[in-house]
Amino acid sequence: MVRPDFQTPPGTRDITEPDAGRVRRLVEVFADEAVTAGFGQIVTPMFEDVGVFVRLGEASDVVSKELYSFKDKGGREIALRPEFTASVCRAFAQHRPLTPWKTWYVGSGFRYDKPQKGRYRQFEQVGAEVVGSHDPDIDTELIALAWRFFRRIGLADFTLVVNSLGDAGDRPRYQAALTEYLEANRSRLSEQAQKTMVVNPLRVLDSKRAGDAAVAAEAPVMSDHLSPEATAAFDRVLAGLDTLGIDYRVEPRLVRGLDYYTRTTFEFVSHSLDAAQNALGGGGRYDGLVEALGGPPEPGVGFALGVDRTLLACDEEGVFTPADDTVAVWVVCTTDDLAGLEAVEELRSSGISAGRAYDGRSMKAQMKAANRSGAEIAVIIGSQEVEAGTVAVRTLRDGDRSGDQQQQVDRRDLVKKVRSLLP
Ligand code: HAM
């Protein structure tokens with residue numbers, strides 16, 4: 001095959017059937033769970049003023065290295081969204097809806113990441129955010145929403161890990177203890193970690209490099225430095241998870257890749273994916289983010305799930321398999337008139353999915369196409385049928401349920417007859 005002039009850019013893919021249909025169904029399940037939990041949908045722009053995302057934290061790779069940013073023709077500094085939380089907080093600050101504001105979303109995020117399986121430069125997320133309440137039960141309800149969604153699509157081989165990063169006031173105390181420890185172990189850290197340590201020592205705990213991870217494993221933990229209020233809030237979340245029968249593991253070194261988190265943080269980790277991209281999703285509280293974006297000092301909490309990775313995990317577990325989106329009826333028409341067009345549109349108008357062949361193919365070629373299409377029924381129209389005001393109806397799959405290979409039916413009874421034959 002001749003190589004075409006253009007291909008998808010690195011880290012992006014064309015998603016075609018049956019995968020595209022599977023993505024659609026996954027989003028439908030998520031939307032259903034979100035609506036059931038009282039969330040309304042939000043659609044934000046795919047690009048924002050770069051400042052919206054810079055507040056996510058300059059110590060995170062997402063902002064420092066992976067942002068798709070550019071100047072538009074009006075000279076504005078713009079960035080493609082690397083995630084949705086900042087956009088949701090920007091929208092809250094802009095519109096000031098009633099609190100608690102519960103909103104869910106779906107769409108693409110963009111990160112100039114190193115492309116590999118499960119890690120793309122354009123990826124799909126579904127997520128939910130609640131702005132305007134400190135109540136830790138909301139943290140639990142959000143985790144429960146994600147949990148129900150994963151269970152409903154059939155995933156089982158994953159672990160929920162949770163942690164508390166404390167309040168803004170707890171951070172300096174912990175950071176001082178952590179920095180002291182990291183300084184003492186500086187020689188064992190990678191060059192990158194030594195740099196990150198200066199901007200945000202917490203992020204060193206998130207490093208995947210083996211040497212750094214060894215240092216992180218023995219580092220002081222946040223839970224020893226939480227304020228009584230943050231401790232009580234975290235205990236309430238854990239008690240909520242226990243009450244709902246949701247299994248979890250407290251992971252004191254879970255920091256997550258974005259800098260805005262306070263108090264509860266969590267991640268869903270798949271056991272069937274490679275360690276470098278085994279996070280199916282995650283989230284937590286971001287009590288200072290709305291204010292950092294120029295809004296009122298309202299707290300927030302939410303999560304996002306990676307659709308691409310979730311489907312890879314589904315592949316590994318053999319669940320949520322792609323469905324074959326085939327049409328129910330195939331119209332075979334060998335006359336020159338518009339009888340085929342008319343029949344196919346009449347079926348579709350009656351809510352029956354229907355396909356047909358084009359370009360005046362022979363009867364044999366059209367029947368072949370009908371069999372290949374996976375349709376249940378073929379409707380055959382030749383000159384004889386047109387003359388007699390009939391159509392021939394034939395079942396294609398699972399033997400012949402009608403007991404009669406092919407039946408001549410009055411053209412006016414087409415929809416009725418097809419309906420009676422469909423399962
Ligand atoms: P995040 O952990 O950066 O959090 O992303 C959430 C999920 O999106 C990841 O666990 C992963 O499944 C998927 N994901 C992220 N980057 C990629 C990529 N390059 N390729 C494929 N999948 C990817 C957030 O985005 C936060 N906004 C979550 C949140 C909401 N926190 C509070 N509210």
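Just so you know, ligand 1 is whichever comes first in the structure, and atom 1 is the first atom listed for that ligand. Note that the structure is predicted; figures quoted are calculated from it, not measured. Heavy-atom basis, side chains included; hydrogens, waters and symmetry copies ignored.
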Discussion item. Test your reading of the model: is there a side-chain donor-acceptor pair from Arg253 to the backbone of Ala219, 3.5 Å cut-off?
Written reply: yes

Practice prompt. Out of Arg256, Arg121, Gln125, indicate the one that has the non-hydrogen atom closest to atom 5 (O) of ligand 1.
Written response: Gln125

Worksheet entry | Close N or O approach (Val301, ligand 1; < 3.5 Å) | no

Item to complete: Tell me, yes or no, whether the heavy-atom count around Arg13 atom CZ, taken from other residues, nucleotides or ligands under 6.0 Å, exceeds 12.
Response: yes

Item to complete: Using a strict 4.0 Å threshold on nitrogen-to-oxygen distance, state whether Asp167 and Arg263 make a salt bridge.
Response: yes

Worksheet entry | Closest approach of any protein heavy atom to atom 12 (O) of ligand 1, naming residue and atom | Ala279 O, 2.9 Å

Response to the item:
So the atoms of ligand 1 within less than 4.0 Å of a heavy atom of Thr85 turn out to be 26 (C), 27 (N), 29 (C), 30 (C), 31 (N), 32 (C), 33 (N)

Worksheet item: Which residue supplies the protein heavy atom nearest to atom 19 (N) of ligand 1, what is that atom called, and how far is it?
Response: Tyr120 O, 2.8 Å

Discussion item. Quick test of your reading of the model: are Asp49 and Arg90 salt-bridged, counting only N-O distances below 4.0 Å?
Written reply: no

Discussion item. Which residue and atom name correspond to the protein heavy atom nearest atom 15 (C) of ligand 1, and how close is it?
Written reply: Arg111 NH1, 3.5 Å

Discussion item. For atom 27 (N) of ligand 1, what's the nearest protein heavy-atom neighbour? Residue, atom name and distance, please.
Written reply: Glu83 OE1, 2.4 Å

Practice prompt. Using a strict 4.0 Å threshold on nitrogen-to-oxygen distance, state whether Arg25 and Glu28 make a salt bridge.
Written response: no

Worksheet entry | Heteroatom proximity flag, Phe123 to ligand 1, N/O under 3.5 Å | no

Response to the item:
ligand 1 atoms nearer than 4.0 angstrom to some heavy atom of Asp113 are 19 (N)

Worksheet entry | SB check Arg236 Asp137 (cutoff 4.0 Å) | yes

Practice prompt. If you have a sec, work out which protein heavy atom is nearest atom 21 (C) of ligand 1 and how many Å separate them, to one decimal?
Written response: Gly118 O, 3.3 Å

Discussion item. Which residue and atom name correspond to the protein heavy atom nearest atom 13 (C) of ligand 1, and how close is it?
Written reply: Gly306 CA, 3.6 Å

Worksheet item: So, Asp61 and Lys114, do they make that salt bridge, N to O below 4.0 Å?
Response: no

Worksheet item: For the side chain of Gln366 and the backbone of Arg361, is there at least one donor-acceptor N/O pair under 3.5 Å apart?
Response: yes

Discussion item. Considering both backbone and side-chain atoms of Leu305, is one of its nitrogen or oxygen atoms within less than 3.5 Å of a nitrogen or oxygen in ligand 1?
Written reply: no

Worksheet item: Any Lys/Arg nitrogen of Asp315 or Arg22 sitting under 4.0 Å from an Asp/Glu carboxylate oxygen of the other?
Response: yes

Discussion item. Quick check on contacts: which atoms of ligand 1 are under 4.0 angstrom from a heavy atom of Ala304?
Written reply: 6 (C), 7 (C), 28 (C), 29 (C), 30 (C)

Discussion item. With a cutoff of 4.0 Å, is Gly282 in contact with ligand 1, counting heavy atoms of the residue only?
Written reply: yes

Discussion item. Looking only at protein heavy atoms, which one is nearest to atom 31 (N) of ligand 1, and what is the separation?
Written reply: Tyr261 OH, 2.6 Å

Discussion item. Give me the residue, atom name and distance of the protein heavy atom closest to atom 24 (C) of ligand 1.
Written reply: Leu258 CD1, 3.6 Å

Worksheet entry | Selected option - heavy-atom contact closest to atom 32 (C) of ligand 1, from Gly281, Ser87, Ala128, Gly302 | Gly302

Practice prompt. Using a 4.0 Å heavy-atom cut-off, say whether Glu129 meets ligand 1 through its side chain, its backbone, both or neither.
Written response: side chain

Discussion item. Under 3.5 Å, is there a donor on one side chain and an acceptor on the other for Gln122 and Thr12?
Written reply: no

Worksheet item: Counting both backbone and side chain atoms, is some N or O of Tyr286 under 3.5 Å from an N or O of ligand 1?
Response: no

Fill in: Gln192 CD: over 12 foreign heavy atoms closer than 6.0 Å
yes

Worksheet item: Tyr260: heavy atom below 4.0 Å from ligand 1, yes or no?
Response: yes

Discussion item. Whether the side chain of Asp170 engages the backbone of Ser227 through a donor-acceptor N/O pair (distance < 3.5 Å, no angle test) should be reported.
Written reply: yes

